[in-house]
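Before any comments, here is the structure.
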There are 2 protein chains.
Amino acid sequence: MRKKDPEKQEAILHSAVRIFAHQGYHVAKMSKIAEDAGVAAGSLYLYFKNKESLLEEVIDATWEDMRRRYEHSIQAEGLSPAQKLVALIDIVFDLFMDDPDRAIIFVNEQHHLEQKGIVDFSTKKEMLLNLGAQVIQEGVSRGDFDPHIDIMIFKEFIFGGLHQVLNLWALQPEQVDLDKIRKALKPIILNSIAK
Amino acid sequence: MRKKDPEKQEAILHSAVRIFAHQGYHVAKMSKIAEDAGVAAGSLYLYFKNKESLLEEVIDATWEDMRRRYEHSIQAEGLSPAQKLVALIDIVFDLFMDDPDRAIIFVNEQHHLEQKGIVDFSTKKEMLLNLGAQVIQEGVSRGDFDPHIDIMIFKEFIFGGLHQVLNLWALQPEQVDLDKIRKALKPIILNSIAK
DNA sequence: CGCTAAAATGAACCACCATTCATTTTTCTC
DNA sequence: GAGAAAAATGAATGGTGGTTCATTTTAGCG
């Protein structure tokens, strides 16, 4: 009577993360993931239902990670809206810093699951974006931020900008120090919303 | 002795644009493109070498369009750096306004060709981004823009932000007026770089 | 009007890849 | 140590979809 090997499951996930991040979901081959993990192709299906489940596992875990980071950072007392905005930015940077491959998959590949109607991340996304909206609204109320700002557009714009810059960095993380980028972007973002 | 029908070629391109934009390159099926264009699947290969050539045709045409728009707008005399920056933003907005599907393909799908080493758009991208860099450098020199700005990071950030917002708009163009978004974004961008 | 050559067709072909499964190996329990 | 059951294997299977091609149709030319 054998038991599944947790280390083997981790190896498969680790290989999947690397290959999904570098090649994209569609181009990534199950046979390559198996090879990279050092298991037979058939073994993948002992630990994961199918290719999509593999991707879902990675993304769900990152949503959970994201949620925990938010809880720890934004709830801190005594922060001004600008400091909260900076804290939100730091969450995204830290996500990329800690695991660039997972972060890349998180921002680039989850639409594959959504497109097939397998999962619906909109609730999670809404919650996350609402948090950002609250911060901006608070800043506007206190007179720290420009009251004419369109919060919806601003959120998407900042998200897209961070996405683009961090994506480029993740492709060649050794080229530019992430903290340098972080320092360069914070004033740009704070300026853009300043009153 | 028959001749190829230019209208048929346009129909195929038109269908390809719509389907590539809405489903993405990988998920898009040649059989669906043929069906949508009202031709047999085999006919596609009379007008285009293969699936990749179809995509390349769309993107090349959009690069050409982009180049022409740049020539017409940025070369205008008497513009301040801020006005030039605004003109660059307008080019991107106009591209999406005029043909959302083509614009979406242009920003989302060209990495498929690059990934396979079929084409190299880096020269074109460099030229485009250098133009933006020149505008920012001019603004810094004149004291209009923040001298501490990291031009490279700023460019990517703005591109990514515009990309994200315009992508969302293109998915549901009837939901929000594009000019409203344009008006909302311009001050955000100009503020972000202001001295 | 006849002939030629190219367009057009759409099923067949072929390659690819996710997933399955018959068989072997291994581990856990008694 | 034997037996049972699950892991593990990796080639086979089946499905998908890009591309080809044998045949038919059509249009352009003389």
Side-chain angles (χ1 to χ4, degrees), chain A residues 1-59 105 109-113 115-119, chain B residues 1-59 105 109-113 115-119:
Chain A
M1 171 70 96
R2 290 182 73 166
K3 283 176 178 172
K4 284 195 175 71
D5 185 356
E7 283 188 12
K8 199 161 272 185
Q9 181 162 0
E10 273 309 302
I12 293 167
L13 265 173
H14 199 265
S15 295
V17 162
R18 188 161 49 248
I19 291 169
F20 283 156
H22 289 227
Q23 298 184 10
Y25 177 72
H26 274 292
V27 178
K29 310 278 182 285
M30 293 296 267
S31 58
K32 295 297 183 188
I33 292 170
E35 191 184 339
D36 191 88
V39 300
S43 294
L44 298 182
Y45 298 88
L46 283 169
Y47 293 91
F48 301 94
K49 187 174 189 298
N50 53 30
K51 191 179 183 183
E52 289 167 347
S53 297
L54 249 186
L55 181 64
E56 193 181 344
E57 179 74 28
V58 171
I59 290 172
I105 294 167
E109 307 299 332
Q110 62 183 284
H111 69 92
H112 294 297
L113 301 177
Q115 188 171 22
K116 287 188 170 184
I118 292 159
V119 287
Chain B
M1 171 74 97
R2 290 181 72 167
K3 282 176 177 170
K4 283 193 177 70
D5 185 354
E7 284 188 11
K8 198 161 272 184
Q9 180 162 1
E10 273 309 303
I12 293 167
L13 265 174
H14 199 266
S15 294
V17 162
R18 186 162 50 249
I19 292 170
F20 282 155
H22 289 228
Q23 300 183 9
Y25 177 72
H26 273 293
V27 178
K29 309 278 183 283
M30 291 296 266
S31 59
K32 294 297 183 187
I33 291 170
E35 191 183 339
D36 191 88
V39 301
S43 293
L44 298 182
Y45 299 88
L46 282 169
Y47 293 92
F48 300 94
K49 187 173 188 300
N50 53 29
K51 191 179 184 184
E52 290 167 348
S53 296
L54 249 186
L55 181 64
E56 194 182 343
E57 178 74 29
V58 171
I59 290 174
I105 295 167
E109 308 298 332
Q110 61 183 284
H111 69 91
H112 294 298
L113 300 177
Q115 189 172 21
K116 286 187 171 182
I118 291 159
V119 287

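Here the structure is a predicted model, which means the values were calculated and not measured. Values below: every heavy atom of this structure, side chains too, minus hydrogens, waters and symmetry copies.
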>> Run the salt bridge (charged side-chain N to carboxylate O under 4.0 Å, His left out) test against A/Glu10 and tell me which residues pass, sequence neighbours left out.
In response: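 Listed in chain order: nothing, the list is empty.
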> Can you name the residues that form a salt bridge (charged side-chain N to carboxylate O under 4.0 Å, His left out) with A/Asp36, not counting sequence neighbours?
Replying inline: A/Arg18
> Partners of A/Ala41 by side-chain contact (heavy atoms from CB on, under 4.5 Å), sequence neighbours excluded?
Replying inline: A/Ala34
> Of all residues at least two apart in sequence or in a different chain, which pass the side-chain contact (heavy atoms from CB on, under 4.5 Å) check with A/Lys49?
Replying inline: A/Ser53
Show which side-chain atoms of residues 22-32 of chain B pair as donor or acceptor with protein atoms under 3.5 Å away, not counting sequence neighbours.
from: B/His22; atom 1: NE2; to: B/Asp101; atom 2: OD1; distance (Å): 3.2
from: B/Tyr25; atom 1: OH; to: B/Glu52; atom 2: N; distance (Å): 3.4
from: B/Lys29; atom 1: NZ; to: B/Val27; atom 2: O; distance (Å): 2.7

Looking at residues at least two apart in the chain, or sitting in another chain, which of them share a side-chain hydrogen bond (donor to acceptor under 3.5 Å, both in side chains) with [X]?
| X | result |
| --- | --- |
| A/Glu56 | none |
| B/Gln110 | B/Trp63 |
| B/Glu57 | none |

> Between which nucleotides of DNA chain D, 5' to 3', does chain B make heavy-atom contacts below 4.0 Å?
Replying inline: D/dG17 to D/dG28
> Which residue pairs satisfy the ring-ring contact (aromatic ring centres under 6.0 Å, His included) criterion with at least one member in residues 31-55 of chain B, sequence neighbours excluded?
Replying inline: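 Those involving residues 31-55 of chain B do not exist here.
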>> So if I take residues 20-39 of chain A and measure heavy-atom distances to DNA chain D, which residues fall below 4.0 Å?
In response: A/Val39
>> If you assign A/Leu44 and B/Tyr45 each to the DNA chain D nucleotide with the nearest heavy atom, which residue ends up on the more 5' nucleotide?
In response: A/Leu44
> Any chance NE2 of A/His14 has more than 12 other-residue heavy atoms, nucleotides or ligands included, within less than 6.0 Å?
Replying inline: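 No, not enclosed.
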Which atoms of nucleotides 4-7 of chain C (N or O only) lie under 3.5 Å from a protein N or O atom, and what are those distances?
from: C/dA7; atom 1: OP1; to: B/Lys4; atom 2: NZ; distance (Å): 2.9

